[in-house]
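Working notes for the structure below.
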Amino acid sequence: MATSPGSPDDPALNTGFLRYLPEKFSRGILSLQGILLISMAIASGFQGIFGMTWLKFPILAGMILFSLLVAISGSRVIRVFLVLGLLCFPLTFQYAEDAWHTLNEGAVRAQLFLSFITAIMVLREPAFRSQLLQAAGNIIVRQRQGRRVLMLLLGSHLFGLMMNMGSVVLLGSIASSRDREKGATGHSYSQRQSALAIIQGFVTTMMWSPLSLALVVVLSQVQDVTSSMITPLGLLGVLLFLALSFAVSQLEVWLRRHHPEPASKKPEETERRGGASFLKILMRVILLVVAIFSAITALSLVASVPVPVAVTLAIPVITFVWLMIQSHGDLGVCLRGPLANTIFRTLPSQSSEVGILLVAGFMGPVLVALMPTADINAFLHSHHTPPGVIVLVAFFAIVAGGVLAVYPLISVTIALGVLADPMALGIHPLYLALSILGAWAVASALSPYTGVTIVTASMFGVKSTTLALVWNRLFGVIALTVCAGIILIFGELTAIPIT
């Protein structure tokens, strides 16, 4: 059965100002947030697929109401973001050339991000309940350390395609509990490698997955680039990233060869046939991912809409069908149990994160409109700055911003806003898009303030700064060096002659 937002063990009741309100009133606020989120996601899907443009007005009203509710129930961070969002209004009217157009563009992007991330979150419920994914996770953590790291990289990537941040929670909880059973501490070397593998495997989904917010943002800002162009090259980038991650983990093992880890309190029980079992389950997981992505692609082609729009309607439908299968076709069980849990618990528990994305999406076009974009482009053009150098500066700016607590969504939006006409600077659009996706992935892995780092750190009992800046230091140095070389090389190979 579902756990309602008003249950005594629901941590959502202890966030924001809800702790000072009567329980019945707090329960109503959380429930209304869940209803608003799923309603706006489905309405956005109908608006985009069936051309029901009039829905933008109730969706806008819903976003305003949701913002007010999340200001009451959300964290201090979301309230800071909401204040910054409000400050955008007077700044836009004061300095932007076309204030109403800029605000409308911000509202459209906010709606897209809100509906997209809501649709992705509802897929967590059936994925968490999936015995297939649970079995895969248990097989992964029973491997010897070298194979375990490799399987965690692959598993975190595949699970992340369906569960988003839920994959980090699932694998992190299984891996950390397994190590605790062996007597390991939060600072043991095995847990260190497991935590890094989960992060590095997950962030690679940003480089190609149609269910990744990073791809949605990049495609919405880089003209003449489509998801079909990104996918094959993005997958090559994923293979390179995962291979680099595994190589660095083995390098760390070699560097520590004279400092072996103390034996655990309990003998390690490894899965002797884990490789074969995992490959069998891996094929079933891949087929599941292919089925989900095929449904999204088919809807996108039939309705002639972008993939992100198709996601907002396809994923809720896929989620419902999956939950019905798990409920053995019993509609009553599905409605009272997992579906109710999704709307009244899962979605409200993520309202602060959704609110941050909503405000960040709105602020992006405003910040771009306030920047001297034309002057920056004129400076770069007049100094004949090589395309590789321009993109490399943007790459490092995004990564540095992540380390300094600047949300990648904002830094990427600003970078792509400044480079709105890449061909005028000799930059190939596809090369720019792939480089920015790589920057977002690296920034997410190295930043102590991104969701994936914070959640993983909490699972393994360490500080997020230790995880991102100390444990991940060697990988960060090597990854940044490799990425810099690739960006500079392909910047020259793909440069467009400037007339």
Side-chain angles (χ1 to χ4, degrees), residues 2-44 58-86 107 109-125 128 163-166 168-169 213 216 311-312 315-316 319 338-363 407 409-410 449-452 454-455 458:
T3 305
S4 70
S7 300
D9 60 342
D10 189 357
L13 286 175
N14 296 320
T15 59
F17 296 110
L18 292 184
R19 63 172 68 93
Y20 307 114
L21 299 177
E23 181 180 321
K24 184 176 181 179
F25 189 68
S26 300
R27 184 188 306 122
I29 290 178
L30 294 174
S31 298
L32 182 56
Q33 286 179 351
I35 294 172
L36 281 173
L37 287 175
I38 193 65
S39 299
M40 287 187 289
I42 295 175
S44 295
I59 293 174
L60 179 60
M63 289 194 297
I64 295 173
L65 178 57
F66 174 78
S67 299
L68 294 174
L69 294 176
V70 81
I72 299 173
S73 65
S75 62
R76 183 181 303 174
V77 176
I78 180 56
R79 286 193 286 274
V80 171
F81 266 80
L82 289 171
V83 171
L84 294 176
L86 290 175
R109 285 173 62 83
Q111 176 188 332
L112 174 62
F113 296 164
L114 179 143
S115 57
F116 181 85
I117 201 65
T118 299
I120 299 304
M121 285 194 303
V122 301
L123 193 60
R124 294 185 191 180
E125 187 73 24
F128 262 119
M163 304 172 65
N164 201 268
M165 284 292 298
V168 178
V169 176
L213 181 66
V216 175
V311 166
T312 59
I315 290 299
T319 299
L339 197 59
N341 195 68
T342 300
I343 297 174
F344 298 116
R345 182 177 175 85
T346 302
L347 292 181
S349 68
Q350 301 297 318
S351 59
S352 291
E353 288 75 9
V354 176
I356 291 174
L357 291 175
L358 183 151
V359 178
F362 172 76
M363 290 173 58
Y407 200 70
L409 174 59
I410 296 177
Y449 308 104
T450 53
V452 60
I454 293 173
V455 171
S458 66

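Just so you know, these numbers come straight off a predicted model, no measurement behind them.
Side-chain N or O atoms of R79 include one that pairs as donor or acceptor with a backbone N or O of G74 at under 3.5 Å.
Side chains of L36 and L69 form a contact here, defined as non-hydrogen atoms less than 4.5 Å apart. Side-chain atoms of V70 and L82, non-hydrogen and from C-beta on, do get closer than 4.5 Å to each other. For the pair P348/S31, no side-chain contact is recorded, criterion being any heavy-atom separation below 4.5 Å from C-beta on. For the pair Q33/L347, no side-chain contact is recorded, criterion being any heavy-atom separation below 4.5 Å from C-beta on.
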Exercise. Take M165 and E353 through the test side chain to side chain contact (heavy atoms under 4.5 Å, CB included) and record every step on the way to the result.
Key: CA-CA 11 Å; M165 284 292 298; E353 288 75 9; over 6 Å; no

Exercise. Let me see the working for F344 and I35 under side chain to side chain contact (heavy atoms under 4.5 Å, CB included), right down to the final yes or no.
Key: CA-CA 8 Å; F344 298 116; I35 294 172; 3.9 Å; yes

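Within the model, atoms OG1 of T319 and CD1 of I315 stand 6.0 Å from one another, a figure rounded to the nearest 0.5 Å. Between the CG atom in L123 and the OG1 atom in T342 there is a gap of 10.0 Å [rounded to 0.5 Å]. Remark: Y407 OH to Y449 OH distance equals 15.5 Å, nearest 0.5 Å. Separation of atoms CZ (R27) and CG (L32) is listed at 14.0 Å; rounding is to 0.5 Å. Residue F81 holds its CZ atom at 9.5 Å from OG of S75, rounded to the nearest 0.5 Å. To the nearest 0.5 Å, atoms CG (L357) and OG (S352) are separated by 11.0 Å.
Between I410 and A360, the shortest heavy-atom distance links the atoms CG1-CB, 4.0 Å.
With sequence neighbours excluded, the residues satisfying side-chain hydrogen bond (donor to acceptor under 3.5 Å, both in side chains) with T346 are E125. Partners of F362 by ring-ring contact (aromatic ring centres under 6.0 Å, His included), not counting sequence neighbours, listed by chain and number: F89. Considering only residues two or more places apart in sequence or on other chains, T312 meets the side-chain hydrogen bond (donor to acceptor under 3.5 Å, both in side chains) condition with none of them. For T450, the side-chain hydrogen bond (donor to acceptor under 3.5 Å, both in side chains) test picks out T453, with sequence neighbours left out. For L21, the side chain to side chain contact (heavy atoms under 4.5 Å, CB included) test picks out L18, F25, S26, I29, I72, with sequence neighbours left out.
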Show me the donor-acceptor pairs, under 3.5 Å and distance only, between side chains in residues 109-121 and residues at least two apart or in other chains.
residue : atom : partner : partner atom : Å
R109    : NH1  : S220    : OG           : 3.1
R109    : NH2  : T413    : OG1          : 3.4
Q111    : NE2  : S44     : OG           : 3.2
Q111    : NE2  : Q47     : OE1          : 2.7
S115    : OG   : Q111    : O            : 2.8
S115    : OG   : L112    : O            : 3.1
T118    : OG1  : L114    : O            : 2.7

